Number of protein chains: 2
Amino acid sequence: MKKTAGILKNGPLADMIGFRLRIAQSAAERAFMAAVQGTAPTGHFTILTLVRENPGSRQSAIARAAHLDRSSLVPVLDQLENLGLVERRKHKTDRRAHALYLTDAGQAALKKLERAVMKLEKQVREALGGNRTESLLRDLEDFSALF
Amino acid sequence: MKKTAGILKNGPLADMIGFRLRIAQSAAERAFMAAVQGTAPTGHFTILTLVRENPGSRQSAIARAAHLDRSSLVPVLDQLENLGLVERRKHKTDRRAHALYLTDAGQAALKKLERAVMKLEKQVREALGGNRTESLLRDLEDFSALF
DNA sequence: TATTGTTATACTCTATAACTATA
DNA sequence: TATAGTTATAGAGTATAACAATA
């Protein structure tokens, strides 16, 4: 029997979704940062993707899709705009709102990030297997929908 | 066909583990806080449990088990000690180290938190099904182990 | 009245680097 | 030399409340 010197017991923690989620999420975060070599945080990737998929959206809609308060999106968009990746244009019909678009540089930057992320996802699929990866995604989705 | 007014497309995000993990984890965090009525953050629950399961452990061991830097554990233990839930005692053989223990109040507080959390876990099991819950736990564990 | 984006502010969580006292 | 705990510090990420402009 192998000696597990200094490894502590998780106790009931091992079977708790919240604990497992926290560990998994921080692992995913680190893996993302390594994969993109620190060029962007996960939050930028998320917002860039949502804007590309829904060009012309207003900020509040993007915030909702990212599960962020609209005020939390402001500094993120400020950064992305300063980097020249996103544009806040005038909304056509609502003068309160902004319409969000990726710039050409934003499209290019997102493509580059996506290549790195896809590679990472592929590694996970190979290690975990396609079926388990799919069921993990479904389970996470259904879990989130409970609240 | 139902109208999905204002719901944005996730695009490739829907199939990305990192994104799904982030949403799920923040949902779990909110659910925990609601279940315990804000009496303790998830971090306290984690540390209390680890200390109870491994009484007499030194701080660095607990930090490792919680996937935290040892310096990040210090303020958490300070809080738990101020609340009278945890004790830093002298280590028997190593005068640099502390040996951590739950106080009686700590045992009681943890039991109360556990009741709330178990109720929450049960709800998840009922909604998701026992099998999917088990496989979700296993998948998260194996996912984390990849990095 | 309600919504949009913004500001001001604050809080939580976490890490890094440097320090001390031991080992 | 290396480890244990601490300190000082800083950064990321997020939320709440209040505000002006507009719907």
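Letters A, B, ... mirror the listed sequences (proteins, then strands); counts begin at 1. A quick note: this is a predicted structure, and the numbers were derived from the prediction, not measured.
Two residues, B:Ser72 and A:Ser71, neighbour DNA chain C, and the one matched to the more 5' nucleotide by heavy-atom proximity is A:Ser71. Residue-to-nucleotide proximity on DNA chain D shows that, of A:Thr93 and A:Pro41, the 5′-proximal contact is made by A:Pro41. In this structure, A:Pro75 and A:Arg95 both approach DNA chain D, and ranking their closest nucleotides by distance from the 5' end singles out A:Pro75.
Listed nucleotides: D:dA15, D:dA18, D:dG5. Nearest to the side chain of A:Arg70: D:dA18.
The CD atom of A:Gln79 sits 9 Å away from the C1' atom of D:dA12 (whole-angstrom rounding). One interatomic measurement links the two molecules: NE2 of A:His44 to C1' of D:dG13, which rounds to 11 Å at whole-angstrom precision. Rounded to whole angstrom, the span from the CG atom of B:Asp78 across to the P atom of D:dG5 amounts to 13 Å. To the nearest angstrom, C1' of D:dT6 lies 13 Å from CD of B:Glu81. We find that NE2 of B:His91 is positioned 9 Å from P of D:dG5, with the value rounded to whole Å. Between B:Gln59 atom CD and D:dT7 atom P the separation is 10 Å, expressed in whole Å. Rounding to whole angstrom units, CZ of residue B:Arg96 and P of D:dT6 are separated by 13 Å. With rounding to whole Å, B:Met33 atom CE is found 13 Å from D:dA15 atom P.
Note on A:Thr42: nothing from the nucleic acid sits closer than 4.0 angstrom, heavy atoms only. Contact annotation for B:Ser60: backbone-only contact, meaning every heavy-atom pair under 4.0 Å involves sugar-phosphate atoms and none involves a base. Within the nucleic acid shown, A:Asp94 comes within 4.0 Å of sugar-phosphate atoms alone, with no base atom in reach, counting heavy atoms only. Within the 4.0 angstrom heavy-atom criterion, only backbone atoms of the sugar-phosphate kind lie near A:Arg22; the bases stay farther away. Using a 4.0 Å heavy-atom criterion, one finds that B:His98 contacts the sugar-phosphate atoms exclusively. Nucleic acid contact for A:Leu73: none, since no nucleic acid atom lies under 4.0 Å from a heavy atom of the residue.
Residues B:Leu21 and B:Leu140 meet the side-chain proximity criterion, which asks for heavy atoms closer than 4.5 Å. With contacts defined as side-chain heavy-atom distances shorter than 4.5 Å, the pair B:Leu102/B:Leu85 does not qualify.
Ion pairing between a basic and an acidic side chain is recognised when a charged N comes within 4.0 Å of a carboxylate O; A:Arg52 and A:Glu114 show such pairing. A salt bridge links B:Asp94 to B:Arg58: one of the charged nitrogens lies within less than 4.0 Å of a carboxylate oxygen. Look at A:Arg20 and A:Asp15 and you find no salt bridge, because none of the NZ, NE, NH1 or NH2 atoms lies under 4.0 Å from a carboxylate O.
With sequence neighbours left out, the side-chain contact (heavy atoms from CB on, under 4.5 Å) criterion links A:His44 to A:Ala40, A:Pro41, A:Val76, A:Gln79, A:Leu80, A:Leu83.
Note: A:Phe45 and A:Phe32 have tilted aromatic rings, judged against thresholds of 30 and 60 degrees for the angle between ring planes.
Running 5' to 3' along DNA chain C, contacts with non-hydrogen atoms of chain B at under 4.0 Å begin and end at C:dC13 to C:dA23.
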